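Everything quoted here is computed from the prediction, not taken from an experiment. Convention: sequence-line order gives letters A, B, ...; per-chain numbering from 1.
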2 protein chains.
Amino acid sequence: MTDTKTKVRRSGGRAARVALRSAPLAEDKRPVRAGLPGGKFKPLSDAEVLRIHHAALDALEQIGLSQAPPSGVAILTRAGAVLGDDGRMRFPRALVEDMLAKAARNITLCGREAKYDLHLTGSNVHFGTAGAAVHVVDLETNTYRDSTAQDLHDAAKITHALDNVHFFQRALVARDVSDNLEMDLNTIYACCAGTTKHIGTSFDDPGHVGPGVELLHRIAGGEAAWRARPFVSNTNCFVVPPMKFAEESCRAMELCIAAGMPVLLLSAGQAGATAPAPIALAIVQAVAECLAGVVYVNAIAPGHPAVFGTWPFVSDLRTGAMSGGSAEQALLTAGCAQMHRFYDIPGGAAAGISDAKLPDMQAGWETGITNVLAGLSGLNMAYEAVGMHASLLGFCMESLVLGDDVIGQVLRTVRGIDVTEDSTSIEAMKAVCLGGPGHYLGSDQTLKLMQTEYIYPTLGNRMSPKEWNEADRPMLLDEAIKRKNEILDKAQIKFDPEFDAAIRKDYNIYFE
Amino acid sequence: MTDTKTKVRRSGGRAARVALRSAPLAEDKRPVRAGLPGGKFKPLSDAEVLRIHHAALDALEQIGLSQAPPSGVAILTRAGAVLGDDGRMRFPRALVEDMLAKAARNITLCGREAKYDLHLTGSNVHFGTAGAAVHVVDLETNTYRDSTAQDLHDAAKITHALDNVHFFQRALVARDVSDNLEMDLNTIYACCAGTTKHIGTSFDDPGHVGPGVELLHRIAGGEAAWRARPFVSNTNCFVVPPMKFAEESCRAMELCIAAGMPVLLLSAGQAGATAPAPIALAIVQAVAECLAGVVYVNAIAPGHPAVFGTWPFVSDLRTGAMSGGSAEQALLTAGCAQMHRFYDIPGGAAAGISDAKLPDMQAGWETGITNVLAGLSGLNMAYEAVGMHASLLGFCMESLVLGDDVIGQVLRTVRGIDVTEDSTSIEAMKAVCLGGPGHYLGSDQTLKLMQTEYIYPTLGNRMSPKEWNEADRPMLLDEAIKRKNEILDKAQIKFDPEFDAAIRKDYNIYFE
């Protein structure tokens, strides 16, 4: 043993551990990070995956999708799809298989800073926001109020400060912006001004894509820079389940593809309402719809980056209301993740939603269980993973902050158990048991693994009852409010003041 | 379509669904139940399982365990273990393998009512309480107070009313009973008077086993009845990690075995303190210790029912404090469950513990994530799954009630996705899409699956913000307090009044 080691041990105990802990860790040494590979939870057997795949192909061939827009009819029939007399577009299985072969794999969703790039390879998992909440949960009064552009910008700023929230997709609607085009432009700018992580937005109106892309070019510093590293992807609700194209959204998607924007092919059926009640058949329908999207995208631009967005939701069948926090939702999402891996294409789904109205214990178990199944199943993009309440109707800033702790824990389970010669060598046990101190506190191995193998919550409280009492019984939500305010107080707009001023001169910007 | 079906559909919609829902379901139709098979989450590869197994055998052969009591030395050396000059008992691998072959498999832990029997077969999962909390969390004042015999009895009564809590192991210490023998007897009676589910208790003092078993005979209606269906198992902390026998507990275990009592072979090391810091090596040590227990038990009574109790805990390595709610804890427990399956013997571990002091959002994600990994990994017995706070120091009755919802969700994920010809048939999609209503609400399939495929929370709230407002914004913890009180108001002592009176005459019973 070297002198240095002896010294570390002698100075050891709590003080040394706390000192070591306070030194920041290099990115590659952190116990968790974006893109850890998942996939150790497999809700479906290989045969079951195949059964779902074949049923989806059958559905595309026999049922097909109605209401393709004229442009889509041209694109799809040219590729080999067949428009029936009943107006439904049907997809021969050979066409689907050909397009799957052409589909983009191993895509990167860029951040404005390259360190935030998301590499959607294999079963790498990433967690972020998404949604279209129309309320913000106000914890000071325990009430729901209308969401605003300022809220959206604040959520972006908070996300920027959270290690375990890897991208920021529009999570709430800027309801104070009444003009729809202004709303889309404010959405882009509120997100980009808040964080340099990858952004998701959602054009539904094809007429807004042009002005939106113009703004994106300006943010990127020109069209070439934008096309080299498109840092905003577009969510296309290109289908209205069951098995119907959304005409406007399809045309918006065509324009996004032309503009070099990655797309999320989103099928958001609701089992028992707009999707079948059996979990397996809801997956079949979502897969069929997204496969139609894969054909659509690759018929326009082979290999264009697209995320396979099977987002089937769950209905509480007693009332028809949505339940995003249920175990059935967790299974739907995990099953979809397995289908993504079967096709080996980048995929995303919804996880982490709470049905609870407030960040209470129910919110904790709902977001914990659904996110951990998403991660362990190897979902590339877990959307709506943090902050969502009331089955997507409410967004809560404090839940976003607390969600960082939840995802940290989830990612630690995804990282799994390190089993190597070193980590199973009984030499460490011998040193302790055979004439050693009889415990592992302060041993070299313990100190070495303290930061790289264990993750510590930021707000999660691990005090003993005695310590907690002495600290005046801190309440979790008070701490979350405090951290939220600290982040917002320190956060700055992620643009040059001059650039920001120029944008505010040219656009009607609704937030500060 | 028959007339009846048409009628159901016509009368359909919300009213029909709510009416159907209110009819109680036959036990075998419920979406979840005790003993569902888990195992679809595998944190370890087969090679990694083998590596851990071999390291554990090496540890038993090369390090062994110190401090076996004289009776244990006789039992173990007679079986083939070797007592070294250093006082450590070492176990040749052939001995361990022989004893593993003799160990009890497919055991049943009996309830006082047979419908509560736990069949520990394969990867069947069960959730219940356990622990030795010294405080009760009082939600009216948000404070911790000393736990009492009355609390233990109340917790038993509440557990009896909760479908998803499958057994009641002593979860808290009756601190108001100062005499240790009286405490052990009150513990047994408080549990048995509260529920007819399987009970776990813990004799540490060999001198208490005789009087305890006498009480059990009396409850059973004689020794023969007790031995035919022993409804109480004993937790034996037979080791003090690392790799040391606990002499008193070993002698108590010998007596429990003689009395026909199933035992839980409990190894409760703490990674980074009394167990190695690497998760894999902590599992190695726990497995080695429990294998020593398997040898011990089967050397006394081949095939005696024993649960392989690898309960390694986690230290927060910054402070040395325990963290039962961490992701590392979830991994330790899931990894241990996989080792149980490798040996194909009944196993148990800790899951569901919260480090939070109150049933807040942290408590939710901690209990959710750790329990779901326990269930998905196929852990036979998940102990401490509900009610535990402050890393086991506090027990909360309202968390117990809420835990029923958590475990319900967990069990639903364990049940998994039903993939059959029926559940993936696209005929249901055709009926809806091709000239049908265009949605699945109120379809025959939806109505049929409403109760058998979907589980509904009891306290979890799925209202919309509008409904929630109109209901005066109910708070989760208020609802939990209400349900707890309702259960306690209705609960009755699970004995004949005459029998109860006779017991209270002969024993000093501390609860009402």
Side-chain angles (χ1 to χ4, degrees), chain A residues 17 21 41 43 48 51 55 58-59 63 144 242-243 272-274 276-281 284 316-318 323 327 330-331 335 355 357 359-365 368-369 372 390 393 406 409 412-413 416-417 419 423-424 426 428 433 439-441 445-446 449-450 454 460 462 465 468 476, chain B residues 17 21 41 43 48 51 55 58-59 63 144 242-243 272-274 276-281 284 316-318 323 327 330-331 335 355 357 359-365 368-369 372 390 393 406 409 412-413 416-417 419 423-424 426 428 433 439-441 445-446 449-450 454 460 462 465 468 476:
Chain A
R17 290 195 298 276
R21 165 72 189 144
F41 171 56
E48 290 170 340
R51 192 190 271 276
D58 287 346
I63 301 172
Y144 277 55
M243 304 298 274
T274 55
I279 293 176
L281 197 56
V284 167
D316 186 310
L317 297 183
R318 298 170 302 179
S323 164
L331 288 170
D355 299 328
K357 262 51 70 190
D360 55 16
M361 185 166 162
Q362 178 188 349
W365 80 64
I369 291 174
V372 84
L393 290 173
V406 178
Q409 295 297 313
R412 184 63 191 85
T413 70
I417 303 172
V419 185
S423 73
T424 54
I426 65 167
C433 298
H439 64 77
Y440 300 85
L441 284 165
Q445 191 177 48
T446 300
L449 297 179
M450 189 175 71
Y454 287 75
R462 292 181 172 177
W468 182 66
L476 185 71
Chain B
R17 291 194 297 277
R21 165 74 188 142
F41 171 55
E48 289 170 341
R51 192 190 272 274
D58 287 346
I63 301 171
Y144 276 56
M243 305 297 275
T274 54
I279 292 175
L281 197 56
V284 167
D316 185 309
L317 297 183
R318 297 169 303 181
S323 164
L331 288 169
D355 299 327
K357 261 52 69 189
D360 54 16
M361 184 166 163
Q362 178 188 351
W365 80 65
I369 291 174
V372 84
L393 291 174
V406 178
Q409 295 297 312
R412 183 63 191 85
T413 70
I417 304 172
V419 185
S423 74
T424 54
I426 65 167
C433 298
H439 63 77
Y440 300 84
L441 284 166
Q445 190 176 50
T446 300
L449 298 179
M450 190 174 69
Y454 287 75
R462 291 181 173 177
W468 183 67
L476 184 71

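Counting heavy-atom pairs under 4.5 Å between each of Gly335(A), Ala390(A), Pro242(A) and chain B puts Pro242(A) at the top. Highest contact tally toward chain B, considering only Asp58(A), Asp360(A), Val372(A), Leu393(A), is held by Asp360(A) [criterion: heavy-atom pairs under 4.5 Å]. Ranking Pro465(A), Ala363(A), Ala330(A), Gly416(A) against chain B, the residue ahead of the rest is Pro465(A), based on heavy-atom pairs under 4.5 Å. Taking chain A as the reference chain and counting heavy-atom pairs below 4.5 Å, the highest number among Pro276(B), Ala280(B), Ala428(B) is found for Pro276(B). In terms of heavy-atom pairs under 4.5 Å with chain A, the best-connected choice from Ile279(B), Val406(B), Ile417(B) is Ile417(B). The choice from Cys433(A), Pro43(A), Gly460(A) that makes the most heavy-atom pairs within less than 4.5 Å of chain B is Cys433(A). Most heavy-atom pairs under 4.5 Å with chain B, from the set Gly368(A), Gly364(A), Pro359(A): that is Gly364(A).
Going from atom CZ of Arg318(B) over to atom CZ of Arg462(A) covers 6.0 Å, rounded to the nearest 0.5 Å. Between atom CG of residue Leu317(A) and atom OH of residue Tyr440(B) there is a gap of 13.5 Å, rounded to the nearest 0.5 Å.
Residue contact with chain B, scored on non-hydrogen atoms closer than 4.5 Å, involves the backbone and the side chain of Leu331(A) alike. Contacts between Thr274(B) and chain A at a heavy-atom distance below 4.5 Å involve the backbone alone (N, CA, C, O).
Heavy atoms only, all atoms of each residue included: Thr413(B) and Ile369(A) are closest at CG2-CG2, 4.2 Å. When all heavy atoms of Ala55(B) and Ile426(A) are compared, the closest pair comes out as O-CG2, 3.5 Å. Heavy-atom minimum distance, Ala327(B) versus Arg412(A): CB-CB, 3.5 Å.
In this structure, the side chain to side chain donor-acceptor pair (under 3.5 Å) partners of Ser423(A), at least two apart in sequence or on a different chain, are Thr420(A). The side chain to side chain donor-acceptor pair (under 3.5 Å) test applied to Asp355(B) returns Ser323(B), Ser391(B), not counting sequence neighbours.
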>> Using the rule given for side chain to side chain contact (heavy atoms under 4.5 Å, CB included), can you reason through Leu476(B) versus Met361(A), listing the C-alpha separation, both sets of side-chain angles and the distance that settles it, and then say yes or no?
In response: CA-CA 8 Å; Leu476(B) 184 71; Met361(A) 185 166 162; 3.9 Å; yes
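For the pair Gln445(A) and Leu281(B), the minimum side-chain heavy-atom distance is below 4.5 Å.
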